[in-house]
Amino acid sequence: MADNKKKILIIDDDIDLVEAMRVTLESVGYIVIDAQEGTRGMEKLRQEKPDLVLLDVMMAHLDEGFQLAYQIRSEEAIKDTPVVILTAVGNQTGFTFDPHKDEDFLPVQAFLEKPVSPRDLIDTVREYVRA
Amino acid sequence: MSQSRTPFTLPFFTAAALRRRVTWLIRIRWLAIVVFGIGIALGCYFPAIHVQCKALVLILIGLVLVNAIYILLRDYVIRQHKDYLINLIVIQMVGDLLILTVLIHFTGGIESPLYFFYLFHIITAAVIFPGTRPYGFAGLAVILYTTLLGTEWLGVLPHFNFYEGVDITRYTEIVVFTWLIFLMTIFLSTYLAKNVTDRYRRVRTRLEFTNRRLQELNRAKTNFLRVSSHELKAPISTIQSTLAVIHDILHDQVDDRVLDMAARSMKKTEEMIALLNDLSDLTYGDLRRAGEFVETDLRELVQEVLQDEKITASAHHITLDAEMPKSPVKLVCDPDAIRKVLRNLVTNGVRYTPESGSVLIRLMDASDEILLEVRDTGIGIAASDLKKIFHEFYRTPQAKSVSSAGSGLGLAIVERLVDEHGGYVTVESIVDQGSTFQVHFPKEIVP
């Protein structure tokens with residue numbers, strides 16, 4: 001039954017990457033919706049109440065993803081949605097995120113470094129949402 | 001002539017430069033005192049030379065005392081009023097001119113050959129002070145000498161003969177003539193000395209300027225590398241992800257040749273991503289904020305890297321071990337950087353060591369340095385390559401034949417990061433027997 005399928009929202013401005021992740025997640029039974037930027041992403045979050053958000057940190061602004069993560073946590077209706085951050089930041093600035101260390105600072109469940117392998121993507125999403 | 005007022009403050013009037021100058025003057029004065037002492041001994045020994053020995057000895061003693069006072073003053077000024085350092089230099093130089101004039105008086109006034117010594121003071125002033133101040137000192141020298149000659153000529157001060165039976169002060173025209181020559185010598189010398197030192201200052205200022213400009217350019221270059229490696233990484237990551245979806249997810253919908261092609265492409269994109277990561281690592285130190293150094297137990301970093309790399313090592317049937325002291329090995333460092341250093345060295349060791357070989361990490365805590373060693377039983381490095389391996393993008397022919405992976409940036413990054421910690425890397429190697437890389441960290445990090 002379609003209603004039982006869990007819904008994943010991908011917020012990323014790279015539509016090709018979104019497509020790759022969509023195929024991966026759909027292959028194991030998730031429904032995938034997407035948004036190319038933050039405002040649209042927040043709308044979809046409110047309307048469609050996804051079970052998990054995959055969030056790219058660097059879109060138009062350097063920290064748009066981080067801002068969005070805080071915004072999600074501040075809205076009562078959606079604040080419990082698990083958030084997984086997609087990042088290519090680690091190797092670029094030389095500092096790496098450690099989800100165990102940084103969760104006090106950033107209210108997210110996990111970090112995935114790009115390029116994300118299909119296996120890692122599925123494993124990480126499954127950790128928080130069973131299809 | 002237009003005088004540019006700009007950056008003469010640069011290397012000349014810093015507190016450190018002034019302190020050096022004050023000390024320099026005091027040292028030169030000790031030397032002068034020694035020479036002066038010898039001069040008195042000789043002058044009083046030869047009967048042909050007429051000097052006032054008692055007065056000269058008193059002046060000598062006075063000079064010793066004055067120089068000792070300068071030392072005390074210097075230490076006091078450095079502790080309490082750094083701004084007065086320049087005044088201290090002026091006081092010393094004016095004092096020297098006065099003492100010299102007194103000395104000339106007691107060695108024969110106009111007949112004394114010591115008036116040459118005014119030149120030393122004039123040149124010193126031109127070396128130390130930019131602007132018009134050297135002319136001020138020249139003027140003072142002229143005033144002092146003129147006063148001396150004048151008072152002796154007028155008979156206000158007694159005149160001591162330098163030469164037996166000759167009193168030049170009685171020949172007014174000779175006094176005036178000598179005085180004129182003196183005047184010209186002093187001002188011409190000031191002009192010439194100033195000309196040379198001003199030119200030197202201009203060159204130095206220009207060098208400083210060029211140097212800053214080069215640093216800016218270097219920063220821009222680094223920034224360009226960093227941005228472009230990041231910009232390139234995003235699309236390549238997407239290609240990699242897309243290929244991975246074909247290979248891992250859609251594999252039952254395509255035939256094996258497509259899978260093979262996807263796998264080959266993925267291998268190349270992986271290499272490219274590794275290269276881009278190395279490039280951004282190489283530029284990392286330049287852009288990192290300062291103050292990220294923390295005291296770290298290096299044993300923990302070694303342990304971490306050991307755990308991570310053990311998987312790869314055992315997949316290649318290579319033993320990877322570590323030897324470490326029992327007590328913590330503390331180093332004030334950037335742990336991310338040191339982790340990267342160790343990881344690069346161990347990855348190399350594993351990559352270039354044939355099956356059933358070994359890689360050993362050793363951490364040693366010596367009295368003056370901390371030593372991090374990675375020893376492998378690998379293919380080794382030819383002596384002629386030992387220097388080149390630290391060059392960006394260089395890979396030895398042997399390394400290339402063993403593995404296509406590797407950007408040739410790993411050791412450049414290692415050297416760079418170690419250098420930022422005030423350390424250095426050494427390497428010993430025998431072809432076909434193995435290599436040993438040693439990273440030396442001094443215990444006192446001088447910022």
Side-chain angles (χ1 to χ4, degrees), chain A residues 8 10 12-30 32 34 36 54 56-65 84-98 100-102 111-126 131, chain B residues 222-223 225-254 262 265-266 269-289 292 304 334-337 339-340 343 409 413 416-417 420:
Chain A
I8 311 293
I10 303 175
D12 193 321
D13 58 355
D14 182 346
I15 50 168
D16 300 308
L17 184 63
V18 170
E19 217 43 45
M21 290 192 283
R22 182 200 306 283
V23 173
T24 304
L25 292 173
E26 284 178 353
S27 78
V28 287
Y30 292 102
V32 175
D34 68 277
Q36 263 79 65
L54 282 166
D56 179 24
V57 270
M58 287 207 191
M59 289 181 284
H61 314 296
L62 231 123
D63 59 346
E64 195 180 340
V84 174
I85 294 268
L86 295 166
T87 168
V89 168
N91 282 302
Q92 191 239 346
T93 52
F95 70 95
T96 39
F97 297 110
D98 179 350
H100 305 293
K101 208 165 76 184
D102 294 324
F111 291 87
L112 272 175
E113 189 154 336
K114 292 178 180 181
V116 186
S117 78
R119 197 70 262 156
D120 289 346
L121 179 62
I122 292 168
D123 288 349
T124 306
V125 170
R126 270 193 184 144
Chain B
T222 305
N223 205 34
L225 262 182
R226 182 183 67 103
V227 171
S228 51
S229 61
H230 177 65
E231 291 298 312
L232 286 170
K233 197 184 160 190
I236 289 165
S237 293
T238 301
I239 296 174
Q240 168 83 5
S241 299
T242 308
L243 290 168
V245 170
I246 296 173
H247 189 266
D248 299 353
I249 306 292
L250 305 175
H251 49 82
D252 45 3
Q253 297 176 32
V254 292
S265 308
M266 273 165 70
T269 50
E270 263 162 33
E271 282 174 19
M272 194 145 174
I273 288 167
L275 169 66
L276 292 171
N277 284 343
D278 281 354
L279 267 180
S280 49
D281 280 351
L282 196 62
T283 58
Y284 153 60
D286 283 9
L287 302 144
R288 179 183 39 190
R289 290 158 300 167
E292 287 174 11
E304 248 176 73
D334 171 358
D336 283 342
R339 197 179 289 121
K340 216 160 256 172
R343 188 158 291 170
L409 289 173
I413 293 168
R416 179 83 175 261
L417 294 176
E420 278 170 25

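Protein chains get the first letters and strands the later ones, always in sequence-line order, with residue 1 at the start of each.
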Whatever's closer than 4.5 Å to a heavy atom in chain B on A:Ile122 counts as side chain
Between A:Pro118 and B:Val245, the two heavy atoms sitting closest are CG-N, 4.0 Å
Honestly, the part of A:Val116 sitting under 4.5 Å from a heavy atom of chain B is backbone
The reported gap from NZ in A:Lys114 to OG in B:Ser241 (rounded to nearest 0.5 angstrom) is 8.5 Å
Output for pair (B:His247 NE2, A:Ser117 OG), nearest 0.5 Å, gives 12.0 Å
Output for pair (A:Arg119 CZ, B:Ile249 CD1), nearest 0.5 Å, gives 7.0 Å
When the 4.5 angstrom heavy-atom criterion is applied to B:Leu250 and chain A, the contacting part is side chain
key: Polar contact flag, side-chain donor to acceptor under 3.5 angstrom, B:Thr238-A:Asp16   = no
